[in-house]
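What you are looking at is a predicted structure, and each value in this text was computed from that prediction instead of being measured.
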Amino acid sequence: VDVSAFPNGLRVCYIGDSKAALRTLEVGLPRHLGAAEVKTFGHNGPDDVPRFMEHAPQADIIMFDHHIDFPGAHTSGLELLRTIKAGGFQGLLIMRSGNTSDQDCVQYREAGCHCILDKAVPTAQAGDVIKKAYLRQQRSRAPPDQAQSSCSTANTSVVPFSNLLGENEV
């Protein structure tokens, strides 16, 4: 996938429980994606979940932590993803998780996730993975006369950290 076609100025929304991850994505995604706006939720614990659910559907790309463990409250990023997908969201859905076993990835795909990123993937490499996944997802939504015959028909990218070290790209 030629990432030069990736548009600048997209809106990204992320929810997670790690203040370090929130800050890393706030700084790293604009730099590595050219995102115009990156909104992160989780700084205020479970109070951020309704705000996230309100803002996320306006984004072009939504990223979720799978297990969002706020003090005194657990939120399932997978359930949030399912709810947003069921609401008709047409953008890219990404699960960013430390849980990327085969079983986990099957759950993410069945929920409608387009791209799965292991948390160990550095932000710069994640940026390229996200660009490719976004372009694939957008092409899969294009009418048949606009879709390129050479593009992948798979609508899910699974990128564990180990895949970034080799030449295998799923």
Walk me through whether V129 and L117 qualify under side chain to side chain contact (heavy atoms under 4.5 Å, CB included). CA-CA 8 Å; V129 171; L117 286 173; 3.5 Å; yes
Q: Applying side chain to side chain contact (heavy atoms under 4.5 Å, CB included), run through Y108 and F64 and close with a yes or a no.
A: CA-CA 11 Å; Y108 302 152; F64 307 81; over 6 Å; no
ask   = After noting the C-alpha distance and the side-chain angles of H66 and D104, does the key distance pass the side-chain hydrogen bond (donor to acceptor under 3.5 Å, both in side chains) rule?
value = CA-CA 10 Å; H66 181 185; D104 292 320; 4.8 Å; no
Item to complete: Take R96 and D118, measure what side chain to side chain contact (heavy atoms under 4.5 Å, CB included) needs, and give me the verdict at the end.
Response: CA-CA 6 Å; R96 183 179 179 273; D118 189 309; over 6 Å; no
Practice item. Mind running side chain to side chain contact (heavy atoms under 4.5 Å, CB included) on L93 and K85 for me, showing each step along the way? Key: CA-CA 8 Å; L93 296 168; K85 181 75 174 178; 3.6 Å; yes
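Every residue two or more places apart in sequence or in another chain that forms a side chain to side chain donor-acceptor pair (under 3.5 Å) with D48 is listed here: N44, R51.
Counting all heavy atoms, side chain and backbone alike, F70 lies closest to G42 at CE2-O, 3.6 Å. Across all their heavy atoms, D60 and F89 have their closest contact at O-CZ, 3.8 Å. Here the closest non-hydrogen pair linking M95 and C113 is N-SG, 3.5 Å. Here the closest non-hydrogen pair linking C13 and F41 is SG-CE1, 3.4 Å.
With contacts defined as side-chain heavy-atom distances shorter than 4.5 Å, the pair E54/P50 does not qualify. Within the 4.5 Å cutoff, the side chain of I62 has heavy atoms near those of the F52 side chain. Taking the side chain as every heavy atom from C-beta outward, R11 and I61 never approach each other to under 4.5 Å. Side-chain contact between N99 and H67: present, with at least one pair of heavy atoms (C-beta onward) separated by less than 4.5 Å.
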Could you pull out every donor-acceptor pair under 3.5 Å between side chains of residues 29-40 and any protein atom, sequence neighbours left out?
{"residue": "T40", "atom": "OG1", "partner": "E26", "partner atom": "OE2", "Å": "2.4"}
{"residue": "T40", "atom": "OG1", "partner": "H43", "partner atom": "NE2", "Å": "3.3"}

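Side-chain contact, Y134 with H114: no donor N or O sits under 3.5 Å from an acceptor N or O.
Just one residue in the list V49, L78, I15 forms a side-chain contact (heavy atoms from CB on, under 4.5 Å) with I68, and that residue is I15.
A salt bridge links D65 to K119: at least one charged side-chain nitrogen sits closer than 4.0 Å to a carboxylate oxygen.
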